[in-house]
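Beneath this line is the structure, given in structure tokens, with notes to follow.
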Amino acid sequence: QVQLVESGGGLVQPGDSLRLSCAASGRTFPTYGMGWFRQAPGREREFVATVSRGGSQTYYTDSVKGRFTISRDNAKNTVHLQMNSLKPEDTAVYYCAASSRYGVVVASYEYNYWGQGTQVTVTS
């Protein structure tokens, strides 16, 4: 069992940066691939980024490539999403998730555990 708690969301202006964090409980954190998803009002939840168990592999959805960076610290049971050059279309609730699959994991149904989400609002 893994419990995930996100933090770091907020209200920012276009072009600003935010760093989301996800704290995981349990000693098994290094055995999970980690991902970030987001859901905007009226839209389906979508994949944002993922990092493999050891942190060597990452993958991003096209709309955030070059702006967002996912990283993990297995010693601290945390995963981060550094978001730069934020745009209004990045506004959403951001969810952290853990998958028992190897490698990069994109599909939401491959994730076993989910956090409660943190709101990110980008507006001028």
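Residue Val79 comes nearest to Ser71 through the heavy atom pair CG2-O, 3.1 Å, listed as atom of the first residue, atom of the second, then distance.
The aromatic rings of Tyr111 and Phe37 lie perpendicular to each other, with more than 60° between the two planes, well past the 30° mark.
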Steps toward side chain to side chain contact (heavy atoms under 4.5 Å, CB included) verdict (Asn112, Ser100): CA-CA 7 Å; Asn112 309 93; Ser100 58; 3.1 Å; yes

Check against side chain to side chain contact (heavy atoms under 4.5 Å, CB included), Trp114 and Cys96: CA-CA 6 Å; Trp114 294 82; Cys96 172; over 6 Å; no

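Sorted by first and then second residue, the salt bridge (Lys or Arg N to Asp or Glu O under 4.0 Å) pairs with a member in residues 99-116 read Arg101-Glu110; sequence neighbours excluded. The salt bridge (Lys or Arg N to Asp or Glu O under 4.0 Å) pairs that include a residue from residues 28-50 are Arg38-Glu46, Arg38-Asp90, where partners are two or more places apart or lie in different chains.
Cluster annotation: Leu20 and Phe47 are assigned to distinct hydrophobic clusters (Ile/Leu/Val/Met/Phe/Trp/Tyr, side-chain heavy-atom contacts under 4.5 Å, transitive). No single ILVMFWY cluster, assembled from side-chain heavy atoms under 4.5 Å apart, contains both Leu81 and Val105. No single ILVMFWY cluster, assembled from side-chain heavy atoms under 4.5 Å apart, contains both Tyr95 and Val51. In the hydrophobic clustering of ILVMFWY residues, with side-chain heavy atoms under 4.5 Å counting as a link, Val48 and Met34 come out together. Residue Tyr113 is grouped with residue Trp36 when hydrophobic side chains (ILVMFWY) are merged at heavy-atom distances under 4.5 angstrom, including chains of intermediate members.
Looking at Glu6, its side chain does come within 3.5 Å of a backbone N or O of Gly117 through a donor-acceptor pair. Although no hydrogens or angles enter the test, the distance criterion places no donor-acceptor pair under 3.5 Å between the side chain of Asn74 and the main chain of Pro30. One N or O on the side chain of Tyr60 and one on the backbone of Ile70 form a donor-acceptor pair closer than 3.5 Å. Judged purely by atom type and a 3.5 angstrom limit, Arg19 has no side-chain atom pairing as donor or acceptor with the backbone of Gln82. Judged purely by atom type and a 3.5 angstrom limit, Arg72 has no side-chain atom pairing as donor or acceptor with the backbone of Gly55. No donor-acceptor pair closer than 3.5 Å links the side chain of Thr78 to the backbone N or O of Ala23.
Atom-to-atom distance recorded for Arg67:CZ and Leu86:CG is 6.5 Å, nearest 0.5 angstrom. The CE atom of Met83 sits 11.0 Å away from atom OG1 of Thr69, with the distance rounded to the nearest 0.5 Å. To the nearest 0.5 Å, atom OG of residue Ser85 and atom CG of residue Asp16 are 9.5 Å apart. Considering OG of Ser7 and NE2 of His80, their distance stands at 8.5 Å, rounded to 0.5 Å.
Looking at Phe29 and Val2, their side chains never come closer than 4.5 Å, going by heavy atoms from C-beta outward. No side-chain heavy atom of Thr61 sits less than 4.5 Å from a side-chain heavy atom of Phe68. At a threshold of 4.5 Å between non-hydrogen side-chain atoms, the residues Thr123 and Leu11 count as touching. Using a 4.5 Å cut-off on side-chain heavy atoms (C-beta onward), Pro14 and Lys87 make no contact.
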